[in-house]
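A quick write-up on the structure given underneath.
Here is the naming used below: chain letters follow the sequence lines, and residue numbers restart at 1 for every chain. Owing to the predicted nature of the structure, the values given are computational and were not obtained by experimental measurement.
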Amino acid sequence: MTSYKSDFLRVMRERGYIHQCSNEDALDAKASSGIITAYVGFDCTAASLHVGNLLGIMMLRKLQQAGHKPIVLIGGGTTRVGDPSGKDDTRKLLSDEQINENIASIRTVFERFLTFGDGPTDALLVNNEDWLLKLNYIDFLRDYGPHFTINRMMTFDSVKLRLEREQPLTFLEFNYMIFQAYDFLELNRQHDVTLQMGGSDQWGNIINGIELGRRVDQAELYALTTALLTTSSGTKMGKTAKGAVWLNEDMLSPYDYWQFWRNTEDNDVGRFLRLFTELPLAEIAELETLEGADLNEAKKLLATTACAMAHGEEKALAASETARKTFEQGTMASGLPSVDINASDLDNGLGLLTALVTAGLASSNGEARRHIKGGAVKINDVKAENEKRLLGGDDISDDGVIKLSVGKKRHVLLKTT
RNA sequence: GGAGGAGUGCCCGAGUGGUUAAAGGGGACGGGCUGUAAACCCGUUAGCUAUGCUUACGUUGGUUCAAAUCCAACCUCCUCCA
């Protein structure tokens, strides 16, 4: 297949989203002749999605932009089971309350990327607990069990890898793929969904759904996956000093989110621009030709654009400005992440170690101590050598804050209240 | 049900009575070099009210001056047999 007829698949390929696609000719024909409805499933194991999920969200966005209908499937039911794909260990089970809290917190993110509503191409958010929790075990087994063979399930990577690595795979997790397959069937019945998208680790699960749909309803379903995101140097993407790169603002500040993209490796800039921004391909191609330090301009653009999509233009520009002041001018930037401290603590003299820990720059006094020893700590851009140093009112700069830094990149402003 | 093997720090993995907060590697973090990049070099990598104390080698007990290391029971996993 050399060229796609449908805008959707063409864009997906041009921008580098496609890893695998089942029956792409038929899918292409279908997408070029009418509205298709597609979904991506999201687990709710945390209170926020992270950049690893961004690819799925972006796919739905592209789908909608191409005039099709995206469905966000929240795995309220399947999260109660736990997906074994790509994991060595059984994930600890979450309580129902936790799951519901997570769902509430996660759903806000989608509104930034998709247009929801009742129109034919408006996005829809559904939760699989609506049908999974109602299932009757015996009925379900009789209706759908015969369509799955253990022999076949054993061949899927999610199962095979666990067994090969001699890690336990519980029956509970073993059922995950069956539920995901059933989701696809159910969404096809309820909303005429014909395409499921996801990361490449979902391929097996999706194929299971396609087969179930064909066997039970003679439905013609499709799969489309993206490559899992890794950096050029091969490491998994999505980690910062603080942990995962969350999409929710209350979990990771727009400034830190901006920084994450700003620190992209040279070799990834073009790829990420295509995947995570909506700049024209021609412009990206030009940006890619930049070399050496000039490439930093492309990284800034990537950071600001990607940040704007997740947090809004205003915050993205603010983050960009904060970064400019901090790194290019070396001046105090008020937009850096800040932590409130009591003025009275300062009067009595606030220990530097304590300050570093409360600022989140160190996880323990011991770590703070090590950072000081290593010469990484700065107070108002002046290196701190003495771990017994006390912070007092004198340390408050003209801007009314105390700037604490660990290393070149991590800065926190202490603000008195 | 029977026989054998395994469970170590964020991960992998060495260690089989004392100098072991536990080799080595990975990851992560910090420093250097740079461009807030990569690669490379160096360092750090349990907590604390810190010349000491506490926690830590699946769990719980026991032996011993002393245990990750020996013993017992239990839990979990793997392999072979039935």
Ignoring hydrogens and geometry, is there a side-chain-to-backbone donor-acceptor pair from A/H68 to A/I36 under 3.5 Å? yes
Starting at the 5' end of RNA chain B and moving along, which residue's nearest nucleotide shows up first, A/S364 or A/G374? A/G374
Span that lies between the P atom of B/A23 and that of B/G15, in whole angstrom: 14 Å
Phosphate OP1/OP2 of B/A37 contacted by A/K409 side-chain N/O (<4.0 Å): yes
Taking only the P atom of each, what is the distance from B/U76 to B/G31 in whole angstrom? 47 Å
Integer-rounded Å distance: B/A38 P and A/R262 CZ: 11 Å
Using atom C1' in both nucleotides, what's the gap between B/A73 and B/G18 to the nearest angstrom? 27 Å
Return the value, rounded to whole Å, for the distance between atom CG of A/D266 and atom C1' of B/G35. 8 Å
Is it true that the side chains of A/Q202 and A/Q196 contain a donor and an acceptor less than 3.5 Å apart? no
Name the stems with RNA chain B in them: runs of three or more consecutive Watson-Crick or G-U pairs, distances under 3.5 Å? B:1-7 with B:75-81, B:10-12 with B:24-26, B:27-32 with B:40-45, B:46-48 with B:52-54, B:58-62 with B:70-74
Donor + acceptor pair across side chains of A/T115, A/D122 (<3.5 Å): no
Atom NZ of A/K378 and atom C1' of B/G31: how far apart are they, to the nearest Å? 10 Å
Look at all strands and tell whether A/G292 reaches a base, only sugar-phosphate, or nothing, counting heavy atoms closer than 4.0 Å. base
Which value, rounded to the nearest 0.5 Å, describes the distance between A/R13 atom CZ and A/S6 atom OG? 10.0 Å
Closest-nucleotide 5' rank along RNA chain B - winner of A/A323 and A/G375: A/G375
Of all of residues 294-315 of chain A, which get a heavy atom below 4.0 angstrom from RNA chain B, listed by number? A/N296, A/K299
Whole-Å P distance, B/U55 and B/C48: 15 Å
Does A/N263 make a side-chain N or O approach to OP1 or OP2 of B/G35 shorter than 4.0 Å? no
More than 12 foreign heavy atoms under 6.0 Å from CD of A/E14: is that the case here? yes
Checking A/T264, A/D266, A/N263 against A/K299 for side-chain hydrogen bond (donor to acceptor under 3.5 Å, both in side chains), the one that qualifies is A/D266
Judged by atom type as modelled, is there a donor-acceptor pair below 3.5 Å linking the side chain of A/R61 to the main-chain atoms of A/F113? yes
Spacing of A/R370 atom CZ relative to B/C48 atom P, expressed in whole Å: 9 Å
On the nucleotide B/G30, are OP1 or OP2 found under 4.0 Å from the side-chain N or O atoms that A/R410 carries? yes
Aromatic ring centroids of A/F140 and A/F179 under 6.0 Å? yes
Is the side chain of A/N127 donor-acceptor paired with the backbone N or O of A/G76 at a distance under 3.5 Å, no angle test? yes
Could you work out the separation of B/U8 and B/C57 based on their P atoms and round it to a whole Å? 11 Å
Out of B/G30, B/G35, B/U36, which nucleotide sits closest to the side chain of A/A376? B/G30
What interatomic distance, in whole Å, is found between C1' of B/G2 and the corresponding atom of B/C12? 33 Å
Give the rounded distance in Å between these two atoms: NZ of A/K373 and C1' of B/U45. 13 Å
Whole-Å gap separating P (B/C33) and NZ (A/K408): 8 Å
side-chain N/O A/T264 vs B/A37 OP1/OP2, d < 4.0 Å: no
If the condition is salt bridge (charged side-chain N to carboxylate O under 4.0 Å, His left out), which residues does A/R274 pass it with, not counting sequence neighbours? A/E288
In whole angstrom, give the distance that lies between atom CG of A/L353 and atom P of B/G47. 12 Å
P-based separation of B/U63 from B/A72 [nearest Å]: 15 Å
Roughly how many Å apart are B/U20 and B/A67, using the P atom of each and rounding to a whole number? 16 Å
Over how many whole Å does the gap from A/E387 atom CD to B/C48 atom C1' extend? 13 Å
Any heavy-atom pair between the side chains of A/L356 and A/I372 that's under 4.5 Å? yes
Has the side chain of A/Q259 got a donor or acceptor that lies under 3.5 Å from a partner of the other kind on the base of B/U36? yes
